[in-house]
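Bear in mind the structure is a predicted one, so any value in this text is a computation, not a measurement. Numbers here simply count residues along the sequence, with the first being 1.
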Amino acid sequence: MAKLRVAGTWGGVIEVELENWTLPMLRDEVAQRSGLDPDSIKLICAGKILKNDGDDVTQTLAQLGIKENSKILSSRGAAPEEGKSLMAEEERSRRLSRLKAAATALSKRHNDGSLPDQDYNIELEDQGGHTVKLGSETDQRAAMMGLMLHTKGKRLIEMEMYSDAVEVLLMAEESFLLCDPKILELVDNIPIMEIDIVWCYFLLRDVKCLADAGVRLEKARKGLERAHGKDLSRVRLLQAGQCPELALYVRLELLEGVVAYHTGQNDKALNALKSAHAKLLQLQVPDEILSLVMGMGFQEKDAKRALRLNNQDIASSVDFLIEERAKRAQKHQDDLKRQKEILEQKKFGVTPMNKAVDMQMLDRLVSIGYARDLAAESLRRNENDFQLALDALTNPKDNSSIQVYIESRKRKRQEQRAGTTVDELVSMGFGREQATSALAAGGNREEIIQKLLSVSEANPGIANGGAESSTNNVAQESISNEVNGEAEEEDSEMKDETMDERDAEIEDEIADEIANVDALSAYDINLDREIEAINEYLGMLDASQDSG
């Protein structure tokens, strides 16, 4: 037997048979003595890592050059599964960071006057579906970011990614806390978010969060009472007698019962769970009623929602569904109008302070009688200051300068689309006036050159623009150069944020999820898990009473 001196994760002497032991056998022995996974052990001898692959698997320690009294350094590396776990955690952390950054960027673009996106529209609504007007820019950005993150958190819950959902919901909470509390009292987003966080705790079976869960549920209860009114009077008024929030209260009371049970308050738990069970029974939709509504041409999900909200009254449910269909159609039209408006804003560019052109100010100037492009450019140059823009338009010199710039910008866009420039066409021997007209007519570079050649063959006298045209070209080129210099300077001011690198993948995810949200989505809860949990905890309470 030979002795090997081991140091590192475990220190001591191991007796081995150098001619019979292999590297895996030595690694297993060191792992057993150090209490670690063999796959996480690295062995080093004479500065060389002894690898567990290739011939090393079958070679003996003697063949690997290990001798009597050799010193072996044992170090701990990540086991394959542990390494995968660490990589997964790092990826999760990166994705959450990307999500927060994307939500921050989206909320900033939509609330600081910079160019927004046409992909979605998100607003804070009260229980009646009416937009809540926020005051400061800070309130607007914070609320929008909170809403986006809350929506993402709900989506993660649906995907059963509860740990990620908690992280995202806590980010949403941080954002909402930046808003004026008095504004948020008008809506139930914060209380619903508190319930969603505790729901994740429950689904994760995270008992250590019991204390936090109790505090959050108490805040949720008070917040809902503020938003919905005592005995739900306010929400009844806003919802015209409907009861959309019933499923939400089922989840709240279930969670209150669970927390009470695990903190030894059995009477409180029993009352909460019985109340949740009673509400649950109210929400059960009989198959025959559901079939009747579906027979009128409505989808099962929509029909079930309508019947739940309207106490299973068929006539009211059908009226509700027809009204919701009309609302969706109107929203679609409004979204299309907004998208068109945003595309127009993008065409006008941004102000020197990177703000979009104010469309309301633009409409006012157009109503006075100014051309839309002209008014937009004046507003852009003057940071959306209505009076300064109007002064510029009434000043002949400034007005003329703006018109020249607009024409130059149009020409540059035409050149970009065509893949050629007026100067390039002039250098080929075509007259500037003819080249400008050909570009304005449209087409690619080859098509434009063919058109100019056809005109030249038909009218040889104007191939070079003529002597008079040549003189005019010199003057025009001088003006063009001057305008181009101005345009380049203006273009440097017009670089909007859409040119910045963005996380398109995450932003698209957020936009898609927001597109599927409506004023009643928060209350349209699938209660399958709640049914199981209520029955489970009522059973445990019965069992504890019997044993008592």
Side-chain angles (χ1 to χ4, degrees), residues 127 150 153-154 156-158 160-163 165-167 169-170 172-173 188-236 243-285 308-309 311 522-548:
Q127 287 71 44
H150 190 184
K154 283 179 169 295
L156 289 170
I157 292 174
E158 292 174 7
E160 300 186 0
M161 299 172 66
Y162 306 124
S163 295
V166 170
E167 296 280 355
L169 291 170
L170 290 175
E173 182 180 45
D188 55 13
N189 299 75
I190 300 291
I192 292 174
M193 184 183 62
E194 299 285 8
I195 295 171
D196 289 336
I197 291 172
V198 180
W199 183 238
C200 288
Y201 291 164
F202 172 74
L203 295 172
L204 289 166
R205 303 292 177 174
D206 196 345
V207 179
K208 69 179 183 294
C209 292
L210 272 177
D212 185 49
V215 172
R216 289 186 180 279
L217 292 175
E218 187 176 345
K219 285 162 59 176
R221 172 71 69 176
K222 291 178 179 177
L224 288 177
E225 186 172 313
R226 279 196 304 269
H228 295 171
K230 195 173 178 75
D231 300 323
L232 306 177
S233 56
R234 183 169 181 272
V235 77
R236 288 288 176 274
C243 47
E245 75 303 322
L246 205 56
L248 180 66
Y249 279 86
V250 169
R251 180 173 288 179
L252 171 62
E253 291 174 350
L254 161 64
L255 294 172
E256 288 174 333
V258 170
V259 171
Y261 174 81
H262 286 291
T263 53
Q265 304 174 72
N266 286 8
D267 289 342
K268 182 179 179 181
L270 185 60
N271 290 333
L273 291 166
K274 282 185 174 179
S275 179
H277 188 262
K279 289 181 174 62
L280 191 60
L281 293 177
Q282 289 180 249
L283 291 167
Q284 300 303 306
V285 178
R308 279 182 170 181
L309 297 183
N311 294 312
Y523 312 113
D524 195 16
I525 300 173
N526 184 315
L527 296 171
D528 291 344
R529 285 182 179 269
E530 283 81 355
I531 294 170
E532 293 176 6
I534 289 170
N535 291 332
E536 176 188 353
Y537 276 86
L538 284 174
M540 289 192 293
L541 283 167
D542 286 342
S544 64
Q545 287 176 349
D546 292 340
S547 62

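Glu256 is linked by a side-chain hydrogen bond (donor to acceptor under 3.5 Å, both in side chains) to Arg221, counting only residues two or more places apart in sequence or in another chain. Take Ser163 and apply the side-chain hydrogen bond (donor to acceptor under 3.5 Å, both in side chains) test, not counting sequence neighbours, and it matches no residue. With sequence neighbours excluded, the residues that form a salt bridge (charged side-chain N to carboxylate O under 4.0 Å, His left out) with Lys222 are Glu218. In terms of the side chain to side chain contact (heavy atoms under 4.5 Å, CB included) criterion, residue partners of Glu536 (sequence neighbours excluded) are, by chain and number, Arg205, Met540. Every residue was checked against the salt bridge (charged side-chain N to carboxylate O under 4.0 Å, His left out) condition with Glu532, not counting sequence neighbours, and none meets it. Residues passing the side-chain hydrogen bond (donor to acceptor under 3.5 Å, both in side chains) test with Tyr261: none are found, sequence neighbours excluded. With sequence neighbours left out, the side chain to side chain contact (heavy atoms under 4.5 Å, CB included) criterion links Glu167 to Arg92, Leu96.
Looking only at side-chain heavy atoms (C-beta outward), Trp199 and Leu254 come within less than 4.5 Å of each other. Residues Arg226 and Ile190 are not in side-chain contact: their nearest non-hydrogen atoms beyond the backbone lie 4.5 Å or more apart. Under the 4.5 Å side-chain criterion, counting only non-hydrogen atoms from C-beta, Leu252 is not in contact with Val198. Taking the side chain as every heavy atom from C-beta outward, Leu224 and Tyr249 approach each other to under 4.5 Å. With contacts defined as side-chain heavy-atom distances shorter than 4.5 Å, the pair Ile525/Val250 does not qualify. Two residues are said to be in side-chain contact when any heavy atoms from C-beta on lie closer than 4.5 Å; Asp196 and Ile192 meet this criterion. The shortest side-chain heavy-atom distance between Arg308 and Leu527 falls under the 4.5 Å cut-off.
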Item checked: Full working for ring pair (Phe, Tyr, Trp, His ring centres under 6.0 Å) between Tyr537 and His262 -> CA-CA 10 Å; Tyr537 276 86; His262 286 291; 5.6 Å; yes
Salt bridge (Lys or Arg N to Asp or Glu O under 4.0 Å) evaluation trace for Arg529 with Glu158: CA-CA 12 Å; Arg529 285 182 179 269; Glu158 292 174 7; over 6 Å; no
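We find the CE-NE2 distance between Met193 and His150 to be 6.5 Å, quoted to the nearest 0.5 Å. Rounded to the nearest 0.5 Å, atoms CD (Glu194) and CG (Leu255) are 12.0 Å apart. If you take NZ on Lys154 and SG on Cys200, they are separated by 9.5 Å, rounding to the nearest 0.5 Å.
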Using distance only, find each side-chain donor-acceptor pair of residues 206-215 under 3.5 Å and give its atom names and separation, not counting sequence neighbours.
unit_1 : atom_1 : unit_2 : atom_2 : d
Asp206 : OD1    : Lys208 : NZ     : 2.9
Asp206 : OD2    : Lys208 : NZ     : 3.1
Asp212 : OD2    : Tyr201 : OH     : 2.6
Asp212 : OD2    : Arg216 : NE     : 2.9

If you look only at distance, which donor and acceptor atoms sit under 3.5 Å apart when one is on a side chain in residues 269-284 and the other is two or more places apart or in another chain?
unit_1 : atom_1 : unit_2 : atom_2 : d
Asn271 : ND2    : Asp267 : O      : 3.3
Ser275 : OG     : Glu253 : OE1    : 2.8
Ser275 : OG     : Glu253 : OE2    : 3.2
Ser275 : OG     : Lys279 : NZ     : 3.1
Lys279 : NZ     : Glu253 : OE1    : 3.4
Lys279 : NZ     : Glu253 : OE2    : 3.2
Gln284 : NE2    : Leu280 : O      : 3.2

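Counting all heavy atoms, side chain and backbone alike, Ile157 lies closest to Ala165 at CG1-CB, 3.7 Å.
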